Visitor: 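Sharing a structure below in structure tokens format, with a few things to ask.
All values reported here derive from a predicted model rather than from experimental measurement.
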Amino acid sequence: MSTHSGGPCLPAAASASSRGMKPKASSEHEEHIGKAGGKITLRADDYPQWYQDVIREAEMAEPAKVVKGCMVIKPHGYAVWEKIQRELDGRFKATGHKNAYFPLLIPQSFITKEAEHVEGFAPELAVVTHAGGEALDEPYVIRPTSETVIGYFFSHWVDSYRDLPLLINQWANVMRWEKRTRMFLRTTEFLWQEGHTAHASHEEAQEEVRRMLGVYGDFAEEVMAMPVIRGVKTDSEKFAGALQSTCIEAMMQDGKALQAGTSHDLGQNFGRAFNVMFQTQSGARDYVWQTSWGVSTRLIGGLIMTHSDDAGLVLPPRLAPIHIVIVPIFRGDDERSRVLAACAKLRDQLVDIDIAPPRARYRDFLEVVVDDRDMKPGAKFYDWERKGVPVRVELGPKDLEKDQVCVKMRVDSEAGKGKEFIPTAQFLATVRERLTKFQDALLAAARQRTLARSVELNTWDEFLRTFAGEQSSFAWCHWDGTRETEAKIKEQTRATIRCIPLPGQGPAPEPGACILTGKPSPQRVLIAKAY
RNA sequence: CGGGACGUGGCCCAGCCUGGUAGGGCGCCUGCUUCGGAUGCAGGAGGUCGCAGGUUCAAAUCCUGCCGUCCCGACCA
């Protein structure tokens, strides 16, 4: 942990807004104070450490310690995942998919049936060799993904074109023995959803691939307030066993890219491997065309690195487990009881407000907490800021007199805008709009940041400068389309081709010369360092 | 798996070089007191110093191995 000698460790975002904090005399222990106790490293000092600190201080998750590479997702983190699930699940069902559940264990032989698939996943499998006190005849692998076992069952479920399309989604945990783990971004075990569909034609499967990529993209932007680039993976980056992989890529605050979701065109590869055949309308027999698509708890890592600041976690209202915290301000028992009663009343009024978007199939009532812990208000402010609660309301005797509330947003909408004093009725009437605006502002800020750090590069010199050291940006460059050039770029700069953008996702396609080789290129591709 | 850093009560760390068997701050508990931006007072609980061997009269401290965490690579949601 780096320390900041001299001066209190004030988060930059906090000090940016004029909140009249008196500078304190420096003391030796200033970086270890507050209820949660820990310190959040400044992003500018050490971005990876900041990320770890935010997760710890917001109580999102912690390393499992006793299980290598795994993590415990704590209630605050899991609540975010539940909101992600609810929102995505609704979108999957709205596009005709049904949930099902397949076994955690997969016969080892299944994995080997699709050549590229084995090659891709064999190195990272966990294998069960013993059970019930005896060695198994055939070991099971713990699923790294379920194409194979689902392919097996699809082969039993599909006979006719009338059985298609088969549109299945599974919410599950999977396990991949990765060399290097990072909280949320890459853990040995992780939670995800995996969609698996079978179609009668390639065209229909391709439509499905694009449709679900669209769902992911919309979700990322509308719900997570995380702008993404939608594109196609190069051959060397595609899913093991797929014909083509599409993805959404998001820019983190350090300029690196995060693959936030993937949607694969599996062609007939798994259909052949698992003999998933159907009889066509004309009576012929053919293999089904399959797709798979998934997003994982990695999204939470992306969420953190998209919005959070030096004061801790920042959550968009649509994913925040708690929307509003009410901090009572009082002195003496008399004030205490009066203020707490007012807090309870305000909470009761707020929790009846539904902030679900217009066409939602669910209701999204405000989650409100009255923080009546025996702590100083300031300590509570810091605590809730670290946890990313979008709105803080302070309620004290002065407010009771004036029938007003003091409102402070987790991220100030304008520079210098701090606490607002608003008539209670007006606050209640506009809180929904306030949260919507907050959500929009987060997206706009993220868009602005992504845009500001996106560049079109035309010379190898510029390219080397852009990716020198730990630096990264979203670089739109021409590429000659060869695997060799792709490998050289990676070797020399550690930046990779994140995707070939879909129409409307990058600069308008125009032919040019490859940034490395000068050979002809039909359009620019997105290059960045990646998580 | 390679390179680096590290592992001491819940958190952050000191002690290790120069072995003699554990210390601070925060947090926690009890009571008091405060309460519009966090470090009030008193008392108290809590540690096989990551694990296993070895050296030694004696190991948190020295040696070896292992495990785990973090960072940087190779691999991936």
Side-chain angles (χ1 to χ4, degrees), chain A residues 1 3 8-11 14-15 17 19-22 24-39 46-49 51-53 56-57 62-71 120-124 144-145 174 176-188 190-194 216 237 239-240 245 247-248 258-262 264 293-302 311 327-332 335-336 339 373-386 392 394-399 406 408 418-419 421 469-470 490-491 494 530-531:
Chain A
M1 269 238 175
T3 53
C9 175
L10 276 183
S15 51
S17 62
R19 293 187 287 193
M21 270 200 75
K22 281 174 271 183
K24 307 263 180 183
S26 62
S27 89
E28 297 162 45
H29 307 293
E30 290 190 279
E31 53 265 22
H32 308 304
I33 47 187
K35 168 80 171 154
K39 176 181 82 82
D46 185 346
Y47 195 78
Q49 185 62 54
Y51 176 71
Q52 297 291 329
D53 292 346
R56 186 188 67 244
E57 293 305 310
E62 64 182 52
K65 284 191 174 179
V66 290
V67 187
K68 182 177 162 63
C70 292
M71 67 175 172
F121 284 103
E124 52 189 52
T145 177
V174 290
R176 297 179 187 178
W177 220 260
E178 301 285 358
K179 308 285 189 211
R180 184 181 174 199
T181 57
R182 277 163 162 266
M183 300 264 272
F184 287 114
L185 300 177
R186 185 176 300 102
T187 47
T188 300
F190 58 95
L191 305 181
W192 77 346
Q193 61 68 217
E194 45 181 328
Y216 288 154
E237 296 267 343
F239 176 76
S245 289
C247 62
I248 52 172
L258 184 74
Q259 180 174 309
T262 47
H264 313 292
W293 28 274
V295 297
S296 71
T297 35
R298 165 182 279 190
L299 287 177
I300 297 174
V327 178
I329 309 294
F330 55 80
R331 57 181 83 209
E335 275 187 9
R336 180 172 192 277
V339 169
R373 289 177 296 176
D374 184 19
M375 293 162 59
K376 293 192 173 182
K380 295 177 183 178
F381 300 164
Y382 276 80
D383 192 38
W384 292 111
E385 272 166 15
R386 278 189 291 247
R392 181 178 82 227
E394 297 169 29
L395 206 53
K398 293 177 198 165
D399 307 307
C406 170
K408 176 73 175 67
K419 295 180 179 180
F421 294 86
E470 283 302 301
K490 184 175 183 180
E491 200 177 305
R494 284 161 39 220
Y531 275 97

Visitor: Determine the contact category for A/Arg182: base if any of its heavy atoms lies under 4.0 Å from a base atom, sugar-phosphate if only primed atoms, P, OP1 or OP2 are that close, otherwise nothing.
Guide: sugar-phosphate

Visitor: Return no unless some side-chain N or O of A/Gln52 is found under 4.0 Å from OP1 or OP2 of B/C71.
Guide: yes

Visitor: Ignoring hydrogens and angles, are the base of B/G36 and the side chain of A/Arg331 linked by a donor-acceptor pair under 3.5 Å?
Guide: no

Visitor: Ignoring hydrogens and angles, does a donor from either the side chain of A/Glu385 or the base of B/G37 sit under 3.5 Å from an acceptor on the other?
Guide: yes

Visitor: Identify which nucleotide among B/C11, B/A38, B/G68 has an atom closest to any side-chain atom of A/Lys68, counting heavy atoms from C-beta outward.
Guide: B/G68

Visitor: With a cut-off of less than 4.0 Å, is there a side-chain N or O of A/Arg186 near OP1 or OP2 of B/A77?
Guide: no

Visitor: Would one find a side-chain N or O of A/Lys380 under 4.0 angstrom from OP1 or OP2 of B/G36?
Guide: no

Visitor: Measuring from the side chain of A/Lys376 (C-beta onward, heavy atoms only), which nucleotide among B/G37, B/U39, B/C70 has the closest atom?
Guide: B/U39

Visitor: On RNA chain B, compare the nucleotides closest to A/Asp374 and A/Glu178; which residue's is nearer the 5' end?
Guide: A/Asp374

Visitor: Could you tell me which nucleotide pairs with B/G46 by Watson-Crick or G-U wobble geometry, both distances under 3.5 Å, or answer none if nothing does?
Guide: none

Visitor: Between B/U48 and B/G2, how far apart are the two C1' atoms, rounded to whole Å?
Guide: 34 Å

Visitor: Quickly work out the A/Trp177 CH2 to B/C75 C1' distance and round it to whole Å.
Guide: 15 Å

Visitor: Taking atom P in both B/C11 and B/C28, compute the distance separating them and give it to the nearest angstrom.
Guide: 14 Å

Visitor: Taking for each residue the nucleotide of RNA chain B bearing the nearest heavy atom, is the 5' side occupied by A/Glu491 or by A/Val67?
Guide: A/Val67

Visitor: Can you figure out which of B/C35, B/A38, B/C70 approaches the side chain of A/Phe330 most closely?
Guide: B/C35

Visitor: Under 4.0 Å: is that the gap between some side-chain N or O of A/Lys179 and OP1 or OP2 of B/C71?
Guide: no

Visitor: Roughly how many Å is it from CE in A/Met183 to C1' in B/C71, rounded to a whole number?
Guide: 15 Å

Visitor: So what does A/Glu394 touch, heavy atoms closer than 4.0 Å: a base, only the sugar-phosphate, or nothing?
Guide: base

Visitor: Between A/Tyr382 and B/A38, do the rings stack, that is, sit under 5.5 Å apart with planes less than 30° off each other?
Guide: yes

